[in-house]
Amino acid sequence: MATYAIGPTERQTRSKPCWLPFVFLFGLFSQCLTWAADITRGSATGQASATGYDHPGQYLHVLPTKIADNMEPVIVHAQQDQQARQKLAALQKRFGKKPNILIFVMDDVGWMDPGFNGGGEAIGNPTPTMDRLAQAGLILTSAYSTPSCTPTRATIHLGQNPLHHGLLRPPMYGESGGLDGAVTVASVLQKQGYVTQGVGKWHMGENEGSLPQNVGYDDYYGFLGVSDMYTEWRDVYFNPEFALSPSRFAMMEKLPFNHNNVHCAKGKPGVENVYEINLTTIPDLDQDWAQYSDKFIRKMAEDERPWFLYHSTRAAHFDNYPNDKYAGKSPARTTYSDSIVEADDILDRLVRALEETGQLENTLVVFTSDNGPEGEIPPHGRTPFRGHKGSSWEGGVRVPTFAYWRGTIAPRRSDGLFDLADLFNTCISIAGAPGAEATQFVPADRYIDGIDQASFLIADGGLSNRRSRIYTLNAHLAGVRIDEFKLSAVIQLEQAIFPRGYSAGFSGAIVPETGGVTMVNLYTDPKEDVNLGIRHIPATVVLGAEYERYAEVLKRFPPRVKVGFGAK
């Protein structure tokens with residue numbers, strides 16, 4: 001049994017695989033590869049004549065480099081790092097300022113919803129803008145979120161996975177917990193001379209210390225919660241038990257969460273309530289937010305300072321009430337697909353604003369989703385992988401992502417590992433502080449799970465600087481991926497509790513101890529339904545050693561619980 005801290009006042013004890021012997025074996029295994037370059041290969045029927053291939057960007061046999069005590073180790077690519085810095089220097093000389101950054105985050109959108117990943121028209125929601133930009137940029141086929149909304153948004157802003165930032169799930173209806181004044185990517189970019197603007201969904205705390213203007217934003221316009229908080233108890237079809245009960249309805253109106261679309265400004269306490277969000281106003285939210293971001297982009301064209309825009313759509317989180325212009329516009333004619341089509345047009349509007357103001361070639365555009373599709377409330381998104389939002393199966397955490405930068409990022413696809421925590425490091429790097437220099441902005445006792453991926457995105461044919469991807473699930477270290485192999489130590493069984501209805505990530509049961517050698521090959525088995533941990537012990541040993549490495553990180557930088565799933 002292993003014991004480790006998960007919060008300031010509580011401890012959790014559970015069994016976990018002991019991989020310490022494998023650490024030694026991995027070192028010996030690596031040395032043997034060096035000793036035996038011409039190792040005999042074949043089978044019982046004779047020696048093989050094929051020499052095989054090493055594929056760039058596969059790192060199972062490579063040890064990463066530690067660049068700081070409180071940062072994840074990296075795969076160093078000196079040549080591509082140099083090329084990326086040269087490109088950035090040339091851009092700054094050309095435009096006279098650092099690059100702008102636009103992060104466009106959608107809600108509950110599955111890996112296969114956009115056309116660039118095989119969805120789009122094929123599933124009844126064409127995404128021509130997403131497809132055009134993705135195909136002209138870098139499509140990241142193995143980009144990862146956390147299992148749900150708030151954890152991911154905090155991960156983007158803090159460069160930490162949920163075990164370190166402590167927001168394990170979304171706070172609902174005025175629950176306490178949030179960023180609480182932490183150093184965010186927005187606050188670091190402010191120090192680097194950026195104007196920081198946030199628009200849309202926040203959902204990282206409503207208390208004063210967690211409000212956008214107190215964690216790095218010059219200005220913020222949006223709502224503080226999540227769509228269903230404002231609608232589900234009002235809708236007589238979804239929740240008649242509340243909507244048709246005057247007393248219960250009054251209770252919801254009085255709950256201590258902000259019911260409004262709000263405006264926040266640096267130097268001003270609290271929020272300005274702009275208008276109430278209800279069944280009449282919610283269909284217009286995304287259009288209102290799009291207009292705000294459009295206006296910001298056009299205004300900044302005349303400003304000598306670079307800018308950072310975090311635009312987070314309401315689409316396509318339930319309950320979906322599309323704008324009247326988009327109701328029925330998708331061939332699928334579902335509220336979900338209509339919202340996807342609307343969001344595609346909004347992305348087009350923002351990119352057109354960049355182009356019309358001459359800023360497009362000096363702006364990095366990153367498109368992503370905060371998690372995979374939820375599976376409890378139809379209609380919802382699509383993924384070719386196992387699982388949904390709320391789980392650490394690939395369907396819950398592998399999200400549609402691309403990076404577009406006209407003239408700087410060459411069109412291509414890559415299956416190199418990319419975690420949304422990497423956006424923290426990458427944005428700071430693009431702003432002028434690459435690699436370990438990010439540590440100057442955060443306390444020494446804060447662990448940074450993100451990795452600087454600027455050279456991966458920018459260099460021609462760049463490779464990922466990330467060797468492994470760590471999976472978390474609630475308060476658990478759930479697994480690890482290196483190359484095509486994924487080892488799971490904690491899993492979620494979606495149909496373990498409810499035998500009927502829609503059962504997905506939040507409806508299932510967590511299994512906090514697997515058999516110890518539960519590993520899949522994501523290339524041959526994207527549905528994660530065949531265990532090959534016993535057959536592929538060489539890979540299992542390496543992944544086990546990496547799992548144990550990160551377990552040791554958690555001993556030095558203990559996990560936190562700020563918003564959790566109850567006492568354990």
Side-chain angles (χ1 to χ4, degrees), residues 84 87-88 91 98-107 109 111 113-114 116-117 127 129-146 152-159 184-186 188-189 194 196-201 293 296-297 306-313 343-344 346-351 353-354 359-371 398-414 416-431 450-459 462 464-466:
K87 280 191 174 184
L88 290 171
L91 279 170
K98 297 174 181 179
N100 308 312
I101 301 169
L102 166 59
I103 297 180
F104 191 92
V105 182
M106 292 197 67
D107 203 328
V109 174
W111 191 93
D113 282 323
F116 65 82
N117 275 343
T127 54
T129 300
M130 298 176 196
D131 302 348
R132 171 175 57 85
L133 297 176
Q135 290 159 6
L138 170 57
I139 300 173
L140 298 165
T141 54
S142 283
Y144 286 92
S145 69
T146 77
T152 293
R153 293 165 197 275
T155 288
I156 291 172
H157 279 81
L158 302 175
T184 68
V185 63
V188 174
L189 291 176
Y194 278 68
T196 54
Q197 175 70 63
V199 176
K201 177 179 176 179
S293 286
F296 171 77
I297 290 171
W307 51 262
F308 170 76
L309 172 59
Y310 172 76
H311 185 100
S312 180
T313 66
D344 190 76
I346 290 170
L347 180 60
D348 179 61
R349 177 176 181 174
L350 301 189
V351 172
L354 289 170
Q359 300 178 86
L360 188 57
E361 293 186 3
N362 197 38
T363 304
L364 167 65
V365 179
V366 178
F367 169 94
T368 193
S369 174
D370 62 352
N371 45 249
R398 206 191 301 193
V399 290
T401 305
F402 67 78
Y404 170 80
W405 194 342
R406 181 187 283 182
T408 296
I409 293 179
R412 68 191 195 279
R413 282 179 178 264
S414 174
L417 298 183
F418 190 95
D419 192 292
L420 294 189
D422 298 344
L423 290 174
F424 177 86
N425 305 62
T426 304
C427 290
I428 293 171
S429 175
I430 288 172
I451 285 174
D452 177 5
Q453 297 275 33
S455 68
F456 176 29
L457 305 185
I458 296 172
S464 176
N465 300 308
R466 173 177 285 280

* **Those residues that, when tested against F418, pass ring-ring contact (aromatic ring centres under 6.0 Å, His included) (two or more places apart)** => none
* Asked: Among all residues two or more places apart in sequence or in another chain, which pass the salt bridge (Lys or Arg N to Asp or Glu O under 4.0 Å) test with R466?
  -> D422
* Asked: Does the K98 side chain pair with the main chain of A431, one donor and one acceptor, at a distance under 3.5 Å?
  -> yes
* To do: Report yes if the side chains of V185 and I103 come closer than 4.5 Å at any heavy-atom pair, otherwise no.
  => no
* **CZ on F116 to OG1 on T401, rounded to 0.5 Å** => 7.0 Å
* Would you please name every residue forming a ring-ring contact (aromatic ring centres under 6.0 Å, His included) with W307, sequence neighbours left out? => F296
* Are W111 and T141 side-chain neighbours, meaning at least one heavy-atom pair lies under 4.5 Å? -> yes
* Is any side-chain N of the basic residue among D107 and R153 closer than 4.0 Å to the acidic one's carboxylate O? -> yes
* To do: Give a yes or no on whether the backbone of D452 and the side-chain of T426 come within a donor-acceptor separation of less than 3.5 Å.
  => no
* Asked: Can I451 and D419 be said to form a side chain to side chain contact (heavy atoms under 4.5 Å, CB included), step by step?
  -> CA-CA 8 Å; I451 285 174; D419 192 292; over 6 Å; no
* Taking the side chain from Q197 and the backbone from I297, do they hold a donor-acceptor pair closer than 3.5 Å? -> no
* To do: Using a 4.5 Å cut-off on heavy atoms from C-beta on, say whether the side chain of P411 contacts that of Q135.
  => no
* Asked: Which residues pass the side-chain contact (heavy atoms from CB on, under 4.5 Å) test with R406, sequence neighbours left out?
  -> E355, L360, E361, Y404
* Structure fact -> Rounding to 0.5 Å, atoms OG (S464) and CG (L457) come to a distance of 9.0 Å
* Asked: Has the side chain of Q453 got a donor or acceptor atom that lies under 3.5 Å from a matching backbone atom of L423?
  -> no
* **4.5 Å side-chain heavy-atom contact, Y310 and V105** => yes
* Contact check, side chains of F424 and L158, non-hydrogen atoms, under 4.5 Å -> no
* Asked: Between the side chain of S369 and the main-chain N/O of V109, is any donor-acceptor distance below 3.5 Å?
  -> yes
* Asked: Under 3.5 Å, is there a donor-acceptor pair between the T129 and D344 side chains?
  -> yes
* Those residues that, when tested against K87, pass salt bridge (Lys or Arg N to Asp or Glu O under 4.0 Å) (two or more places apart) -> D460
* Asked: Which of these, T368, T146, D370, sits in a side chain to side chain donor-acceptor pair (under 3.5 Å) with T152?
  -> T146
* Structure fact -> dist F308:CZ -> N100:CG (nearest 0.5 Å) comes out at 11.5 Å
* Asked: Are any non-hydrogen side-chain atoms of V399 and M106 less than 4.5 angstrom apart?
  -> no
* Could you tell me the separation between the CD1 atom of I458 and the CG atom of L91, rounded to the nearest 0.5 Å? => 8.0 Å
* Quick one: are T408 and L364 in side-chain contact, heavy atoms under 4.5 Å? -> no
* With sequence neighbours excluded, residues passing ring-ring contact (aromatic ring centres under 6.0 Å, His included) with H311 -> F104
* To do: State which residue, out of I139, L138, L140, fulfils the side-chain contact (heavy atoms from CB on, under 4.5 Å) condition with R413.
  => I139
* Side chains of S414 and F456 in contact at under 4.5 Å (non-hydrogen atoms) -> yes
